[in-house]
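Convention: sequence-line order gives letters A, B, ...; per-chain numbering from 1.
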2 protein chains.
Amino acid sequence: MASPDLDFAAEKAGDPLFVQSLARGMQVMAAFQGVERALSLAEIAARTSITRSAAQRLVHTLRKMGYLRLTEDGRGFLPDLGVLDLTYDYLRLNPLLRRASPALLELRRNVRERVDLSLFDGQRMVYAARMQSKREMFFATLVGNTVPTFCTSGGWAVMAHLPDHQVDALLANADMKALTPRTLTDPAAIREQIAMARENGHALALEQILMGEVALGGAILGAEGRPVAAIHVAGSLSEWEPEEFRRRVAPLVAETVRSIESL
Amino acid sequence: MASPDLDFAAEKAGDPLFVQSLARGMQVMAAFQGVERALSLAEIAARTSITRSAAQRLVHTLRKMGYLRLTEDGRGFLPDLGVLDLTYDYLRLNPLLRRASPALLELRRNVRERVDLSLFDGQRMVYAARMQSKREMFFATLVGNTVPTFCTSGGWAVMAHLPDHQVDALLANADMKALTPRTLTDPAAIREQIAMARENGHALALEQILMGEVALGGAILGAEGRPVAAIHVAGSLSEWEPEEFRRRVAPLVAETVRSIESL
DNA sequence: CCACTTGTATTGCAATCCGATGCACTTGCA
DNA sequence: TGCAAGTGCATCGGATTGCAATACAAGTGG
């Protein structure tokens, strides 16, 4: 498992406003990314490139504040409930989500399939709102989950609104590993999807993230016309013919996007 | 609007392991609790009892790390996407949620109403998993949202598993303001509900949080038999007779609780 | 148009955080 | 049974690091 890039040492150099202790504390919180179980003090120290002493103090502090906790068996540390308070504030105060929420609920009422809103963050699309339908996988239902931009309907729709050189940069830097046998990892093939998205105003993705899933995505544009997020609707190929899915869902997504952007 | 208690100065006294800078940084993040719009540097400083200089450096650092951002109009600061990464790690690594998730999905399939799981945090019940049904309000659907323990079905169910002196302490310290005209704020009335919950193994709440809503809650017990969370099912009084709701939903909730605790 | 806000930048001083070390305890292997 | 390596927790002197006062440019509202 590749350790995430937690190295903020470079940032620090020659930045008198940068508070090292705070940064290290946040690195401790971020150390849990990609991890599957509780982390011991030594592991936290290793993953953050911080000495055990410092890690001890930072963990101690985060613990007292309710952001970290010791596991029941005392063997390691995990994020604690305080994190959800931050989550709530983020979601609640996000202007885009405030505007989008009613429209998303309306959309879900109409399509009766899973509806998501994900935020564009360069290489990643970060799920911020999920309206499930029937069956659901596991972690996939969690807020904050991320999927790569290069292989999702929403990502394609977003890239369709970026200038070519930005698309090129994004694809060049992407870590393209296939999530399913059908995931497109060839830049040319992806560019083709983007071209289609530019024509249609939406993108249709077949089994890019999950086998048996068809997804239709539309981009949401921010103030200066730059794409900031995407709406997805996901259905099952056992119930939908792809073209039928597009015919039925695309207009509804388009209208939802319009109604969000018009506010 | 009452400012939340962000005063960690007391904790600090005589705790050599406490990292002040980190604590202050987290206080900055927590400063957004209860706020309805972006916060200026001065406001952040005021709400955290930190000098403007310090607030500036902390905000600067949090910004560089993606936890805070400047609003488009440059008028203030808001939590940024980095928060959702922490959220995802918290949700994903929480052992209870890992176990509960499949059972909750199953429950929702059966009842076709909104199903929630909320974590017991003393005075508050914090929503950690939400499976909406049809109509929904906005903030109400967000992860990390909290409702008071004293006036929710889940809170009553949880208190039913606490010894009396702890219930007394909780009610004594509760800030009981009615959320609807029917919210129970009389300790005696609440104790009665708790008594009923002890008999039934679940609690039924009528219009305690929202008018027109009926909710049934069951407590989830942790390792040593202490309540740690609750499951809720919420329906509309326009569609359900309360007793009918109980008859139909209670057994399903009970079974879900059992299946979660048995893991 | 002036007074007041906003975010940003600089700098000397000392408090704060750093990190090496050591302890008490549990776990697992021999 | 006993050693070794893991755990979290505690101590302490020194200098790095964050502190707070101050100043600046830009923008707002009266």
> Taking protein heavy atoms under 4.0 Å as touching, what does nucleotides 24-30 of chain D look like 5' to 3' if B marks base contact, S marks sugar-phosphate-only contact and - marks none?
----S--

> Going by an N to O cut-off under 4.0 Å, is there a salt bridge joining B:Arg98 and A:Glu36?
yes

> Nearest whole Å is fine: how far is D:dG8 P from A:Arg69 CZ?
15 Å

> Where do N or O atoms of nucleotides 12-15 of chain C meet protein N or O atoms at under 3.5 Å, pair by pair?
none

> Of the nucleotides D:dG8, C:dT21, D:dA20, which one has an atom closest to the side chain of B:Thr51?
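The answer is D:dA20, which lies nearest to the side chain.
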
> For a quick test of reading the model: is some side-chain N or O of B:Arg24 closer than 4.0 Å to OP1 or OP2 of D:dA20?
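Checking B:Arg24 against D:dA20: at least one side-chain N or O falls below 4.0 Å of OP1 or OP2.
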
> When the distance from CG of B:Asp15 to P of D:dA10 is rounded to whole Å, what number comes out?
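About 9 Å, once rounded to whole Å.
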
> What is the nucleic acid contact for A:Leu41, judged by heavy atoms within less than 4.0 Å: base, sugar-phosphate only, or nothing?
sugar-phosphate

> So which one's nearest nucleotide on DNA chain C is more toward 5', B:Leu22 or A:Leu17?
A:Leu17

> Going through the checks in order, is the side chain to side chain donor-acceptor pair (under 3.5 Å) test met by A:Thr152 and A:His232?
CA-CA 9 Å; A:Thr152 58; A:His232 319 239; 5.4 Å; no

> Using the C1' atoms only, state how far C:dA14 lies from C:dC18, rounded to an integer number of Å.
15 Å

> Which pairs, with at least one residue in residues 254-263 of chain A and sequence neighbours excluded, count as a salt bridge (Lys or Arg N to Asp or Glu O under 4.0 Å)?
none

> Report all interatomic pairs (protein N or O, nucleotide N or O of nucleotides 12-14 of chain D) with separations under 3.5 Å.
none

> Nearest-Å distance, CD1 (A:Ile50) to P (C:dG19)?
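One finds 9 Å between P of C:dG19 and CD1 of A:Ile50, rounded.
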
> If I take atom OG from residue A:Ser101 and atom CD from residue A:Glu106, how far apart are they, to the nearest 0.5 angstrom?
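Taking OG in A:Ser101 and CD in A:Glu106, the distance rounds to 12.0 Å.
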
> With respect to the phosphate group of C:dC17, does any side-chain polar atom (N or O) of B:Ser21 fall under 4.0 Å of OP1 or OP2?
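Yes, because at least one side-chain N or O of B:Ser21 sits under 4.0 Å from OP1 or OP2 of C:dC17.
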
> Say you pick atom P in C:dG19 and the same atom in D:dG18; how far apart are they, in whole Å?
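Going atom to atom, P in each nucleotide, I get 11 Å.
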
> Return the value, rounded to whole Å, for the distance between atom CZ of A:Phe18 and atom P of D:dT17.
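Computing the A:Phe18:CZ to D:dT17:P distance gives 12 Å.
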
> Please enumerate all residues that pass side-chain hydrogen bond (donor to acceptor under 3.5 Å, both in side chains) together with B:Arg69, with sequence neighbours excluded.
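Partners of B:Arg69 under the side-chain hydrogen bond (donor to acceptor under 3.5 Å, both in side chains) test: B:Glu72.
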
> Only counting residues at least two apart or in another chain, list the ones meeting side chain to side chain contact (heavy atoms under 4.5 Å, CB included) with B:Thr61.
A:Phe18, A:Val19, A:Leu22, A:Ala23, B:Met65

> Under the side chain to side chain contact (heavy atoms under 4.5 Å, CB included) test, which residues partner B:Ala169, sequence neighbours left out?
none

> Please identify each residue that fulfils side chain to side chain contact (heavy atoms under 4.5 Å, CB included) with B:Ala54, with sequence neighbours left out.
B:Arg24, B:Ile50, B:Thr51, B:Arg57

> Sequence neighbours left out, what passes side chain to side chain contact (heavy atoms under 4.5 Å, CB included) with A:Asp73? Give chain and number order.
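Testing A:Asp73 for side chain to side chain contact (heavy atoms under 4.5 Å, CB included), a comparison that skips the adjacent residues, returns A:Thr71, A:Arg75.
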
> Could you state the atom-to-atom distance from CD1 of B:Ile44 to P of C:dT6 in whole Å?
11 Å

> Who passes side-chain hydrogen bond (donor to acceptor under 3.5 Å, both in side chains) against B:Arg198, sequence neighbours left out?
B:Asp164

> Test of understanding: with side-chain hydrogen bond (donor to acceptor under 3.5 Å, both in side chains), list the residues that count as partners of A:Asn173, not counting sequence neighbours.
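Checked A:Asn173 against side-chain hydrogen bond (donor to acceptor under 3.5 Å, both in side chains); zero matches.
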
> When you match B:Leu58 and A:Phe77 each to their closest nucleotide on DNA chain D, which lands nearer the 5' end?
A:Phe77

> Just to confirm, is there a sub-4.0 Å distance from OP1 or OP2 of D:dG6 to any side-chain nitrogen or oxygen of A:Arg52?
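False: A:Arg52 side-chain N/O out of range (4.0 Å or more) of D:dG6 OP1/OP2.
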
> Enumerate the salt bridge (Lys or Arg N to Asp or Glu O under 4.0 Å) contacts for residues 78-88 of chain A, please, sequence neighbours excluded, ordered by first and then second residue.
A:Asp85-B:Arg124

> Any idea which of D:dA21, D:dG8, C:dT21 is nearest the B:Ser53 side chain?
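Between D:dA21, D:dG8, C:dT21, the one nearest the side chain of B:Ser53 would be D:dA21.
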
> Give the rounded distance in Å between these two atoms: NE2 of A:His60 and C1' of D:dT7.
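Rounded to the whole Å, the gap is 17 Å.
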
> Check the side chains of A:Asn145 and B:Tyr88 for a donor-acceptor pair under 3.5 angstrom, ignoring hydrogens and angles.
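Checked: B:Tyr88/A:Asn145 side chains pair up, N/O donor to acceptor below 3.5 Å.
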
> I need the CD-P distance between B:Glu43 and C:dT6, as an integer number of Å.
7 Å

> Let me know the distance between CD of A:Gln56 and P of C:dC18, rounded to the nearest Å.
12 Å

